[in-house]
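Reviewing the structure listed below.
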Protein chains: 2
Amino acid sequence: MNNLLSNIKIEVPSGTYLKDPESSTLGKKILTHSIILIDEMGFESFNFKKLGAAIQSNESSIYRYFESKHKLLVYLTSWYWGWLEYQLVIETYSLTSIEDKLKKAIEVLTRTTKNDNTYTHINEVLLNIIVINENSKSYLTKDVDDDNKEGFFMPYKRVVKRFSELISEYQPDYDYPLSLASTVIQSALHQQFVKDHFKTISNFDKQHTPTQFFTDLVLNALTYGK
Amino acid sequence: MNNLLSNIKIEVPSGTYLKDPESSTLGKKILTHSIILIDEMGFESFNFKKLGAAIQSNESSIYRYFESKHKLLVYLTSWYWGWLEYQLVIETYSLTSIEDKLKKAIEVLTRTTKNDNTYTHINEVLLNIIVINENSKSYLTKDVDDDNKEGFFMPYKRVVKRFSELISEYQPDYDYPLSLASTVIQSALHQQFVKDHFKTISNFDKQHTPTQFFTDLVLNALTYGK
DNA sequence: AACGAAATGATAGTAATACTATTATATTTG
DNA sequence: CAAATATAATAGTATTACTATCATTTCGTT
């Protein structure tokens, strides 16, 4: 994807940051290198002291942008879902047949992420790996309901809703458009993890891709009712 | 389920514990109350000091059974998968038609958990809630591959494999039996979470259950090929 | 170039965590 | 009843995830 739509800023829930990291070079460095570090060492081992060292800045300066490492994780995952919603919209918009739209949507949601040069300070491929490995930690907490009220998970829920609307448009009689949408989106992440770490329970290889699997699953579910 | 098969011990990977908690009253108290506490406060806030206080025992004594709270979590989730495998086997065994077996398996894997009085020191309903909220934390770590080599995730993988075998028996031509199996098992947990915390992206209510949703999904995927 | 404000950096400190190590006291077993 | 084993008590440690305070640098405006 090249700069068809440059300068589009991905919107992230404002409660996740104290100072907008997109508004300064230090902020952008925090984003760039937190992605690299979390990918390298995992979210548990990652902390603001290590991040400070990596960007030759100070722990205390990072706390001016994010009040906790949890909120930084929520920021990063929200950014990812916002970005993915964008991909979904622009790649399906011009298609005229609803079947093509649906198939394209499944492709966007289940394919391996490619880098998008529009956002130079964010490595989308690494961010996708972080989302695979750490996304669920952003909501599997005792504070989910509070965080949810603050709108932290809106970007994720918007992706689910958009996809479910395509499902309903393709098959208005289907009873579970939202559940099917969130199953595909969530399971696509899980299946990537399984493929890398629990190989004995995966069927994916060069010929058999998640996109193919989920496309069959969705189309069969919608084509033949119950 | 009553004591049809009493005294069947659920096997848990031996590397998860230092001393078998089933072998003593203190060990059983650790299991009973760790489940209650983790459910109450979440895995992050839970620690062995609090558990010690809850069972009027000492932190140091708990460390004689489990070398870390992570391994205790792996123990508990493994126990759950081992128990679920049991339910799967005994509830499908006597059925003769493969379609009935498959449908029953989906029911066992996607229904709301009921208490099983065979294991008095384990509350399966609470344990199921823990699995919904904390299961992914047992493998989304930098040590997954080591833990996997130690066999920590065998109970989970065995459930996936058994279910995938039923899928293949029902439809030998299907290309993704393992992926479909792990999608259903994993997504069933996720959908329960979504239903409780992200209501706006759920379609479940009294009339529309996860079991119904997943049954349609699987049968359509298998009945109508691609 | 000068001034004030804002941003960043440096340093110190804190309560809690996830343990380890050691020694003491119960409890069980032969 | 002694020895072995299990459990308890206590202390200690490095690290974490921050907060607080003050110093310095950078920036925009005149």
Side-chain angles (χ1 to χ4, degrees), chain A residues 15-34 37-38 40-76 121 134 137-138 140-143 146-147 152, chain B residues 15-34 37-38 40-76 121 134 137-138 140-143 146-147 152:
Chain A
T16 58
Y17 53 84
L18 295 168
K19 181 181 171 170
D20 183 359
E22 302 269 2
S23 71
S24 73
T25 33
L26 179 61
K28 284 177 191 161
K29 270 172 92 175
I30 290 172
L31 298 181
T32 304
H33 291 272
S34 63
L37 278 187
I38 293 173
E40 264 173 37
M41 60 180 64
F43 186 65
E44 278 68 38
S45 299
F46 167 85
N47 64 42
F48 284 1
K49 195 165 193 176
K50 289 172 183 171
L51 177 57
I55 61 179
Q56 276 120 273
S57 180
N58 202 278
E59 197 187 354
S60 60
S61 304
I62 300 165
Y63 275 104
R64 297 254 165 57
Y65 287 85
F66 294 100
E67 77 185 75
S68 67
K69 74 170 189 168
H70 175 249
K71 291 207 170 169
L72 171 57
L73 178 63
V74 175
Y75 182 100
L76 293 175
H121 60 296
E134 324 286 358
K137 296 171 192 169
S138 72
L140 295 179
T141 69
K142 275 286 153 183
D143 298 329
D146 292 338
D147 286 359
F152 290 2
Chain B
T16 58
Y17 54 83
L18 295 168
K19 181 182 170 168
D20 182 1
E22 301 271 2
S23 71
S24 73
T25 32
L26 179 61
K28 283 176 192 160
K29 271 171 92 174
I30 290 172
L31 298 181
T32 304
H33 292 270
S34 63
L37 279 187
I38 293 173
E40 264 173 38
M41 61 180 63
F43 186 65
E44 277 67 38
S45 299
F46 166 84
N47 64 43
F48 284 1
K49 194 167 194 172
K50 289 172 184 170
L51 177 56
I55 62 179
Q56 278 120 272
S57 180
N58 202 277
E59 198 188 354
S60 60
S61 304
I62 301 165
Y63 275 104
R64 296 260 161 57
Y65 286 86
F66 293 101
E67 75 184 79
S68 68
K69 73 171 189 168
H70 175 250
K71 291 207 171 170
L72 170 58
L73 178 63
V74 175
Y75 182 99
L76 293 174
H121 60 295
E134 324 287 359
K137 297 171 193 168
S138 71
L140 294 179
T141 69
K142 275 287 154 183
D143 297 329
D146 293 338
D147 287 359
F152 290 2

Next item on the list: Decide yes or no on side-chain contact (heavy atoms from CB on, under 4.5 Å) for I38(B) and L76(B), but give the supporting numbers first.
Entry: CA-CA 11 Å; I38(B) 293 173; L76(B) 293 174; 3.9 Å; yes

Return the polar atom pairs (N/O with N/O) between nucleotides 11-16 of chain D and the protein under 3.5 Å, or none.
none

Checklist line | Note, P21(A) side chain near L31(A) side chain (heavy atom, < 4.5 Å) | finding: yes

Distance check needed: [N] [atom2] versus [X] [atom1], whole Å only.
| X | N | atom1 | atom2 | answer |
| --- | --- | --- | --- | --- |
| K71(B) | dC19(C) | NZ | C1' | 14 Å |
| H70(B) | dT17(C) | NE2 | P | 19 Å |
| D143(A) | dA17(D) | CG | P | 15 Å |
| L18(B) | dA18(C) | CG | P | 17 Å |
| L73(A) | dC18(D) | CG | C1' | 17 Å |

Next item on the list: Ignoring backbone atoms, establish whether N58(A) has a side-chain N or O less than 4.0 Å from OP1 or OP2 of dA10(C).
Entry: yes

Notebook entry, point to check: Just to confirm, is there a sub-4.0 Å distance from OP1 or OP2 of dT7(D) to any side-chain nitrogen or oxygen of K19(B)?
Noted result: yes

Check: Of F48(B) and S24(A), whose nearest nucleotide on DNA chain C comes first from the 5' end?
Finding: S24(A)

Next item on the list: Would you sort out whether D147(A) and H70(A) count as a side-chain contact (heavy atoms from CB on, under 4.5 Å), showing the intermediate values?
Entry: CA-CA 11 Å; D147(A) 286 359; H70(A) 175 249; 3.1 Å; yes

Notebook entry, point to check: Do the rings of F46(A) and F43(A) sit parallel, tilted or perpendicular, given the 30° and 60° boundaries?
Noted result: parallel

Check: Counting N and O atoms only, with roles assigned by atom type, does the side chain of K137(B) sit under 3.5 Å from a partner on the main chain of L140(A), one being a donor and the other an acceptor?
Finding: yes

Note to self: Any side-chain to backbone donor/acceptor pair from K50(A) onto S45(A)? Under 3.5 Å, distance only.
What the structure shows: yes

Note to self: When you compare the side chains of Y65(A) and S24(A), does any donor N or O come within less than 3.5 Å of an acceptor on the partner?
What the structure shows: yes

Check: Near DNA chain C, which residues from residues 60-67 of chain A have a heavy atom under 4.0 Å away?
Finding: S60(A), S61(A), R64(A), Y65(A)

Report all side-chain donor-acceptor pairs from residues 51-59 of chain A shorter than 3.5 Å, counting only partners two or more places apart or in another chain.
from: N58(A); atom 1: OD1; to: S60(A); atom 2: N; distance (Å): 3.1
from: N58(A); atom 1: OD1; to: S60(A); atom 2: OG; distance (Å): 2.9

